[in-house]
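Have a look at the structure below before the remarks.
Proteins get letters first, then strands, A, B, ... in listed order; numbering begins at 1 in each.
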2 protein chains.
Amino acid sequence: MKSNLGVITEKLKNNKIRLSHQRLKVLEYLDENRIHPTVEQIYNALHDEIPTLSKTTIYNTLNTLSEAGIVKSLNIEDNEARYDIRTDEHGHFKCKKCEEIYDFEVDMDKVAVKDLEGFRIFSKDLYFFGICPKCSNKNT
Amino acid sequence: MKSNLGVITEKLKNNKIRLSHQRLKVLEYLDENRIHPTVEQIYNALHDEIPTLSKTTIYNTLNTLSEAGIVKSLNIEDNEARYDIRTDEHGHFKCKKCEEIYDFEVDMDKVAVKDLEGFRIFSKDLYFFGICPKCSNKNT
DNA sequence: TTTTATCTTGTAATAATTACAATATAATAA
DNA sequence: TTATTATATTGTAATTATTACAAGATAAAA
């Protein structure tokens, strides 16, 4: 499976963000692990390869990248941010049992929305909660 | 404007939750101040009236009430929970300028959702972000 | 290669939330 | 009403996520 390093560096260059080793590794990790990881998870995954890596760097990197619109930060429960390399409009389903987060396609324009005349809308977050098929089948 | 103390106590009794002074005050505050407040805001508002009130109590209360489905906790940005006494399905718009949160009506069933066959869905959170009309009109 | 602006790192600070034990209180029974 | 008891409240301390900051390191431009 070929990595998307080319696409990643291109995105950074377009946004005039320096191509540091750490930034590339964080983005590569997000690209290859579509699990909507927390900072902790990213840190644990990259720490072996980059022993000097600091958690502050991951926070700085993700803040820079979300401001540039290259990654999307998710505030889905638990007061711990998660990060998604997909920035196109889609929904997130979180399983209450296994805690896994699934992407799903959604047509936000079909949401019937009254009460928002005169509101300028920049972004839309849609979170569903429930039990995923895997956990539904694991019943006692 | 008559308060809904009757409705509130009824809800607690139905859920076998004790009618403590603190719980009633927190619920009354949420009912009369539809601003989706943080724990901090609730604490500041009630502290004058109940000088011994502890922040831990507010956390405990809100956790109990959300588990019972009497209030809804919102994870809308900033890693600081907000609380809503409305528990029916509706969306939340957060203004990026004034930080105010607005309710809006939404028909979630109209959201075209593929990819969720076999998923049992318990709840749906919809958050919009942008600029509210008040702030749009405050332009330079 | 040199320069310089910016990044990374480690530590310390901040902020939100929870754990816990002692005291207080609501609900129940007498 | 009073006594009992299970549960709630409180204050403090602990935990966890995130940010602030300054010194050293590095990517990009000259």
Side-chain angles (χ1 to χ4, degrees), chain A residues 5 8-29 36-68 70-71 73-83 99, chain B residues 5 8-29 36-68 70-71 73-83 99:
Chain A
L5 252 184
I8 289 170
T9 56
E10 208 53 39
K11 279 187 193 173
L12 291 177
K13 280 182 186 168
N14 290 341
N15 284 279
K16 303 199 196 309
I17 295 171
R18 284 197 182 171
L19 283 71
S20 74
H21 183 55
Q22 290 82 346
R23 286 176 180 162
L24 291 172
K25 282 298 173 188
V26 167
L27 275 171
E28 190 180 63
Y29 176 80
H36 314 89
T38 62
V39 166
E40 189 71 22
Q41 284 177 300
I42 300 172
Y43 179 77
N44 290 336
L46 297 181
H47 192 257
D48 282 345
E49 203 183 344
I50 316 168
T52 62
L53 182 65
S54 159
K55 235 178 235 183
T56 300
T57 298
I58 302 180
Y59 278 106
N60 290 342
T61 296
L62 292 168
N63 287 342
T64 302
L65 296 176
S66 0
E67 274 159 34
I70 296 172
V71 306
S73 96
L74 309 181
N75 282 82
I76 182 169
E77 278 198 323
D78 294 340
N79 293 325
E80 190 179 10
R82 296 176 163 273
Y83 294 88
E99 308 255 280
Chain B
L5 252 185
I8 288 171
T9 56
E10 208 52 39
K11 280 186 193 174
L12 291 177
K13 280 183 185 168
N14 290 342
N15 285 277
K16 302 198 195 315
I17 295 172
R18 283 197 183 172
L19 284 71
S20 75
H21 183 56
Q22 289 83 344
R23 286 176 180 161
L24 291 173
K25 282 299 172 187
V26 166
L27 274 171
E28 190 179 63
Y29 176 79
H36 315 89
T38 62
V39 166
E40 190 70 23
Q41 283 177 300
I42 300 171
Y43 179 76
N44 290 337
L46 297 181
H47 192 256
D48 281 346
E49 203 182 344
I50 316 169
T52 62
L53 182 64
S54 159
K55 235 178 233 184
T56 300
T57 299
I58 302 180
Y59 279 106
N60 290 341
T61 296
L62 292 168
N63 287 342
T64 302
L65 297 176
S66 0
E67 274 158 36
I70 296 171
V71 306
S73 96
L74 308 181
N75 282 81
I76 183 169
E77 278 196 324
D78 294 339
N79 293 324
E80 190 179 10
R82 296 175 161 275
Y83 294 88
E99 308 255 280

Quiz item: Rounded to the Å, how far apart are A:L74 CG and D:dA17 C1'?
Solution: 16 Å
Self-check item: Validation row: B:I17, B:I70 side chains within 4.5 angstrom (heavy atoms)
Solution: yes
Quiz item: Would you call B:D78 and B:E99 a side-chain contact if the rule is heavy atoms closer than 4.5 Å?
Solution: yes
Quiz item: So do B:Q41 and B:N44 actually touch side chain to side chain, heavy atoms under 4.5 Å?
Solution: no
Self-check item: Short side-chain to backbone donor-acceptor contact, B:T9 and B:L5, under 3.5 Å
Solution: yes
Quiz item: Do B:L27 and B:L12 touch side chain to side chain, with heavy atoms closer than 4.5 Å?
Solution: yes
Quiz item: Which one, C:dT17, C:dT8, D:dT9, comes nearest to the side chain of A:T61?
Solution: C:dT8
Quiz prompt | Atom pair distance, as rounded to whole Å: CG in B:L46 and P in D:dT10 | solution = 11 Å
Quiz prompt | A:Y43 OH - C:dT8 P separation (whole Å) | solution = 15 Å
Quiz item: To the side chain of B:L53, which of C:dT17, D:dT19, D:dT10 is closest?
Solution: D:dT10
Exercise. Give the rounded distance in Å between these two atoms: NZ of B:K55 and P of C:dT18.
Key: 13 Å
Exercise. Round to a whole Å and report the spacing from CD1 of A:I58 to C1' of C:dT8.
Key: 12 Å
Quiz prompt | Side-chain heavy atoms of B:T52 within contact of B:I50, under 4.5 Å | solution = yes
Quiz item: For A:L74, does its backbone N or O pair with a side-chain atom of A:R82 as donor and acceptor, under 3.5 Å?
Solution: no
Practice problem: Mind calculating the distance between CG (A:L24) and C1' (C:dT8) to the nearest angstrom? | Solution: 14 Å
Exercise. Flag the pair B:N79 / A:N75 as yes when at least one side-chain heavy-atom distance between them is below 4.5 Å, and no otherwise.
Key: yes
Quiz item: Quick one: does A:K55's side chain get under 4.5 Å of A:V39's, heavy atoms only?
Solution: yes
Practice problem: For A:R23 and for B:E80, find the nucleotide of DNA chain C with the closest heavy atom, then tell me which residue's nucleotide is more 5'. | Solution: A:R23
Practice problem: Report yes if at least one side-chain N or O of B:Y59 is closer than 4.0 Å to OP1 or OP2 of C:dT17; otherwise report no. | Solution: yes
Quiz item: Quick one: A:E77 CD to C:dT17 C1', roughly how many Å, whole number?
Solution: 15 Å
Quiz item: Does A:Q22 place a side-chain N or O at less than 4.0 Å from the phosphate oxygens OP1/OP2 of D:dT26?
Solution: no
Practice problem: Measure from the side-chain heavy atoms of B:N79 and tell me the nearest of C:dT17, D:dA17, D:dT19. | Solution: D:dA17
Quiz prompt | Distance in angstrom units between A:K25 NZ and C:dC7 P, rounded | solution = 20 Å
Give each protein N/O atom lying under 3.5 Å from an N/O atom of nucleotides 20-25 of chain D, with the pair distance.
| residue | atom | partner | partner atom | Å |
| --- | --- | --- | --- | --- |
| D:dA20 | N6 | A:T56 | OG1 | 3.3 |

Quiz item: Going by heavy atoms closer than 4.0 Å, what residues in residues 12-21 of chain A are next to DNA chain C?
Solution: A:R18, A:S20
Quiz item: With a 4.0 Å cut-off on heavy atoms, is A:T57 in touch with a base, just the backbone sugar-phosphate, or nothing at all?
Solution: base
Self-check item: B:R23 vs B:L65 side-chain heavy atoms within contact, under 4.5 Å
Solution: no
